Amino acid sequence: MPDPHAIQIYTDGSCLMAPRRNGMAAVIKFPEPLGLSETTWSGDGVIGGTINEAERLACIGGLKFVRALSVTQSVSRIVINTDSMYVKENFNRALWQWSRNKWKNRNG
C-alpha cells in the first residue's frame, strides 16, 4: 500500500530500435492534504538513446517536475515506482559514488 503522506511518482521509459530513439514519462500522485490532482510528465526523448537512459531520465524528469511545483516541504517523502531493474539495482551504488565524488562527474 502506498504511503498516504508521500508523493508517488510512477515512471517508465521506452526505446524503439529502428530508427533508435527513446521516450520517457511519469505519473505523479499527490497526498490528499495537498489537494492536487494526479498529473503526468513526459520527456522529449533522445535520438540514439537507450532504454536505460530513458528509464533514468523518467525518474529525473518526474523529480524535477515535482520540485518545480514547490510542494516538497509539505510531504514526508517522495517515492519512485519503477519497473527498471537498472534503476533499482544502481540507485544505492550511484548515491554512494556521487556523494564520495562531492556530486561531480569526471569532468568536474
Side-chain angles (χ1 to χ4, degrees):
M1 174 140 192
D3 180 346
H5 305 291
I7 294 174
Q8 301 286 327
I9 302 176
Y10 298 86
T11 66
D12 202 10
S14 65
C15 189
L16 293 174
M17 297 313 261
R20 191 165 168 166
R21 61 187 185 273
N22 66 17
M24 66 283 310
V27 173
I28 298 109
K29 296 184 179 186
F30 300 96
E32 257 186 62
L34 291 180
L36 297 171
S37 300
E38 177 181 305
T39 190
T40 59
W41 168 88
S42 61
D44 293 333
V46 178
I47 295 173
T50 65
I51 185 65
N52 286 339
E53 184 178 28
E55 296 284 3
R56 188 177 65 245
L57 290 173
C59 296
I60 293 167
L63 287 167
K64 284 183 175 180
F65 181 85
V66 168
R67 184 177 179 197
L69 296 176
S70 301
V71 295
T72 55
Q73 313 88 307
S74 307
V75 297
S76 61
R77 63 190 186 136
I78 298 172
V79 177
I80 300 282
N81 300 278
T82 180
D83 63 351
S84 169
M85 291 307 294
Y86 172 77
V87 171
K88 290 178 185 180
E89 291 176 355
N90 287 294
F91 172 78
N92 287 326
R93 183 178 59 87
L95 183 63
W96 179 80
Q97 285 179 334
W98 277 89
S99 63
R100 190 174 129 221
N101 294 339
K102 298 184 172 67
W103 306 101
K104 295 179 182 177
N105 67 14
R106 69 181 85 175
N107 299 320

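In this text, all values refer to a predicted model and were calculated from it rather than measured experimentally. When reading the values below, keep in mind they use all heavy atoms of this one structure, side chains included, and skip hydrogens, waters and symmetry mates. Starting from 1, each residue takes its place in the sequence as its number.
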Please report the closest heavy-atom contact between [X] and [Y], naming both atoms and the distance.
{"X": "Gly13", "Y": "Ile51", "answer": "O-CD1, 3.4 Å"}
{"X": "Cys59", "Y": "Val87", "answer": "SG-CG1, 4.0 Å"}
{"X": "Asn22", "Y": "Ser14", "answer": "CB-O, 3.0 Å"}
{"X": "Glu53", "Y": "Thr50", "answer": "N-OG1, 3.1 Å"}
{"X": "Gly49", "Y": "Cys15", "answer": "O-SG, 3.4 Å"}

Q | hydrophobic_cluster_shared for Leu69 and Ile80, side chain cutoff 4.5 Å | A |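 In one cluster with Ile80: Leu69, yes.
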
Q.
When you group the ILVMFWY residues by side-chain heavy-atom contacts below 4.5 Å and let the links chain together, are Leu63 and Ile7 in the same group?
A.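 Yes, Ile7 and Leu63 fall within the same hydrophobic cluster.
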
Can you give the donor-acceptor pairs under 3.5 Å from side chains of residues 23-38 to other protein atoms, not counting sequence neighbours?
none

Q.
If you apply the rule side chain to side chain contact (heavy atoms under 4.5 Å, CB included), what do you find for Phe65 with Thr39, and how did you get there?
A. CA-CA 10 Å; Phe65 181 85; Thr39 190; 3.5 Å; yes

**Q.** For Tyr10, the option from Asn81, Thr40, Thr82 that meets side chain to side chain contact (heavy atoms under 4.5 Å, CB included)
**A.** Asn81

Q: Evaluate side chain to side chain contact (heavy atoms under 4.5 Å, CB included) for Leu57 paired with Val46, printing each intermediate quantity in order.
A: CA-CA 10 Å; Leu57 290 173; Val46 178; 4.2 Å; yes

Q: Report the C-alpha separation of Asp12 and Glu55 in whole Å, then their side-chain angles, then the decisive distance to 0.1 Å, and conclude whether the side chain to side chain contact (heavy atoms under 4.5 Å, CB included) test is met.
A: CA-CA 6 Å; Asp12 202 10; Glu55 296 284 3; 3.4 Å; yes

Q. Does any non-hydrogen side-chain atom of Asp83 lie less than 4.5 Å from one of Lys88?
A. no

Q. Taking the side chain as C-beta and beyond, is there a heavy-atom pair between Val75 and His5 under 4.5 Å?
A.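 SC-SC contact between Val75 and His5 ruled out.
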
Q: May I ask you to check whether over 12 heavy atoms, not counting those of Arg20, lie within 6.0 Å of atom CZ?
A: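 Correct, the count exceeds 12.
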
